[in-house]
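Lettering of chains follows the sequences in order, A, B, ..., and the numbering in each one begins at 1. Note: hydrogens, waters and symmetry copies are ignored here, and every other heavy atom, side chains too, is used. Remember, predicted model here, so these are calculated numbers, not experimental data.
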Number of protein chains: 2
Amino acid sequence: MAEGPRPGGQHGETLLFLTDEQLRKGIEAMFFAYKGFTSDPDRILEPRGYGRAHHRAVHFIHRSEGTTVNNLLAILGVTKQSLNRVLRTLIEDGLVESRVGTRDKRERNLYLTDEGKLLERELSDAQQARVRDAFRAAGPGAVAGFRTVLEAMMDPEMRRRYQRLTENAR
Amino acid sequence: MAEGPRPGGQHGETLLFLTDEQLRKGIEAMFFAYKGFTSDPDRILEPRGYGRAHHRAVHFIHRSEGTTVNNLLAILGVTKQSLNRVLRTLIEDGLVESRVGTRDKRERNLYLTDEGKLLERELSDAQQARVRDAFRAAGPGAVAGFRTVLEAMMDPEMRRRYQRLTENAR
DNA sequence: CTAGCAATGTCAACAAGGCTGACATAAAAC
DNA sequence: GTTTTATGTCAGCCTTGTTGACATTGCTAG
């Protein structure tokens with residue numbers, strides 16, 4: 001990191017961090033970090049017979065209370081059959097409530113029940129604890145960079161959804 | 001972000017970026033970014049009848065040529081049955097070669113064949129292109145922060161493996 | 001040398017969670 | 001009144017993870 005035989009290339013600083021090796025490090029970091037990122041919720045979900053898909057549904061319903069099935073489909077990027085399987089069990093288990101839309105009665109507005117909120121809290125707490133520790137250890141500047149890079153890595157469509165989410169929740 | 005009723009808390013800057021909302025943003029950024037991160041390789045793999053598991057195997061065999069099955073198992077964090085299924089198809093298809101170990105004949109040393117290297121290149125090129133663009137757009141400082149946070153997010157055991165990988169490949 | 005342990009491979013069965021395609025219903029829109 | 005939209009559902013398939021059991025080979029310690 002200090003000297004060495006010009007690790008980046010011979011074209012100056014703008015390329016210095018874009019060698020194959022640096023990119024590979026970034027790629028592997030994503031792989032290993034994502035593993036850690038999902039491990040705590042996975043452990044909580046498993047004894048309840050739920051999986052990551054349930055977590056995602058619960059998360060985004062919490063995040064956008066009253067959202068419609070179609071909106072959830074777009075955010076999660078899965079098929080309706082796939083989402084429906086998950087949603088059905090959550091509704092049957094009394095964690096999610098599906099109310100007929102008022103404006104448009106074809107739509108279903110999704111809400112977490114009290115029990116659903118409990119699970120959401122438990123999952124959030126676990127995942128947030130890890131992210132908080134990582135953020136604390138890394139410092140504010142690193143966190144800003146982290147989010148900048150992640151945002152740049154998203155597909156444009158997903159980036160729009162992501163940004164819309166954060167502004168809604170302000 | 002500018003004013004409002006003290007979004008972080010009343011304890012000053014060190015807590016300012018650790019509100020629930022900030023943590024949620026980080027969590028959602030991971031989710032959406034990981035989607036983008038895997039999308040290009042997935043598209044390449046699909047017509048060949050391979051999946052993400054094949055990609056990971058090919059990546060880490062390339063990264064650590066001659067690695068053993070056990071080592072790969074530890075890096076990937078899956079069961080040997082799961083890995084073996086993938087490895088078997090890659091060997092049958094002539095992308096990976098498995099040579100009996102010299103030092104310890106129980107071990108198998110794994111190598112990419114020329115054809116395997118071709119696939120690895122194709123996958124790498126696609127994934128690196130996205131990461132490179134993101135890194136370029138975000139700038140060197142952001143990239144450093146990105147990796148710092150990701151590293152802090154890993155399980156300690158995985159962090160060790162990650163760091164060992166990068167030092168070996170130097 | 002032999003007993004035990006280690007590294008690998010393999011069979012079978014199962015589950016989660018993606019996918020496609022087809023079809024049904026109710027409500028909105030035209 | 002026909003068409004489109006939002007949703008739900010059935011059936012079947014695939015990948016990739018899991019567990020448990022078992023076989024083979026080779027290293028290692030006694």
Next on the checklist: Please determine whether residues Leu90(A) and Tyr111(A) belong to a single hydrophobic cluster, defined as Ile, Leu, Val, Met, Phe, Trp and Tyr linked transitively by side-chain heavy-atom distances below 4.5 Å.
Outcome noted: no

Next on the checklist: Looking at Arg52(A) and Asp40(A), is there a salt bridge between them, counting it only when a charged N and a carboxylate O are closer than 4.0 Å?
Outcome noted: no

Checklist entry - Has the side chain of Arg106(A) got a donor or acceptor atom sitting under 3.5 Å from an opposite partner on the base of dA26(C)? => result no

Next on the checklist: We want to know whether Gln127(A) and His59(A) form a side-chain donor-acceptor pair, criterion being a heavy-atom distance below 3.5 angstrom.
Outcome noted: no

Next on the checklist: Taking only side-chain N and O atoms of Arg56(A), does any of them lie within less than 4.0 angstrom of OP1 or OP2 on dG18(C)?
Outcome noted: yes

Item to check | Distance in angstrom units between Leu45(A) CG and dG17(D) C1', rounded | outcome: 15 Å

Item to check | Rounded distance [0.5 Å steps], CD1 in Ile75(A) versus OG in Ser64(A) | outcome: 5.0 Å

Checklist entry - Just checking, any donor-acceptor pair under 3.5 angstrom between side chains of Asp93(B) and Thr89(B)? => result no

Checklist entry - Does any residue of residues 68-81 of chain A have a heavy atom under 4.0 Å from DNA chain D, and if so, which ones, in number order? => result Thr68(A), Val69(A), Asn70(A), Lys80(A), Gln81(A)

Checklist entry - Within this structure, what is the CZ-to-P distance between Arg99(A) and dA27(C), rounded to whole angstrom? => result 19 Å

Checklist entry - Between Asp104(A) and Asp104(B), which is nearer to the 5' end of DNA chain C once each is assigned its nearest nucleotide? => result Asp104(B)

Checklist outcome for this item: Whole-Å distance, Asn109(B) CG to dG9(C) P, equals 11 Å

Checklist entry - CG of Asp42(A) versus C1' of dT18(D): gap in Å, rounded? => result 13 Å

Please set out all donor-acceptor pairs under 3.5 angstrom arising from side-chain atoms of residues 144-159 of chain A, sequence neighbours excluded.
from	atom 1	to	atom 2	distance (Å)
Arg147(A)	NH1	Tyr162(A)	OH	3.0
Thr148(A)	OG1	Ala144(A)	O	2.8
Glu151(A)	OE2	Gln163(A)	NE2	2.6
Asp155(A)	OD1	Arg130(B)	NH1	3.1
Asp155(A)	OD1	Arg130(B)	NH2	2.9
Glu157(A)	OE2	Arg161(A)	NH2	3.1
Arg159(A)	NH1	Glu151(A)	O	2.7
Arg159(A)	NH1	Met154(A)	O	3.4

Next on the checklist: OP1 or OP2 of dT15(D) versus the side-chain N and O atoms of Arg52(B): is any pair under 4.0 Å?
Outcome noted: no

Checklist entry - Is any side-chain N of the basic residue among Asp42(A) and Arg56(A) closer than 4.0 Å to the acidic one's carboxylate O? => result no

Next on the checklist: Can you identify which nucleotide, out of dT16(D), dC10(D), dC19(C), has its nearest atom closest to the His54(B) side chain?
Outcome noted: dT16(D)

Checklist entry - For Arg88(B) and dT16(D), what is the distance between atoms CZ and C1' respectively, to the nearest whole Å? => result 13 Å

Checklist entry - What is the distance, rounded to the nearest whole Å, between atom CZ of Arg103(A) and atom C1' of dA28(C)? => result 11 Å

Checklist entry - Taking CG from Asn84(A) and C1' from dA6(D), how many angstroms apart are they, rounded to a whole number? => result 12 Å

Checklist entry - Heavy atoms under 4.0 Å, any strand shown: does Arg85(B) hit a base, just sugar-phosphate, or nothing? => result base

Next on the checklist: How many whole angstroms separate atom CG of Leu110(A) from atom P of dA6(D)?
Outcome noted: 14 Å

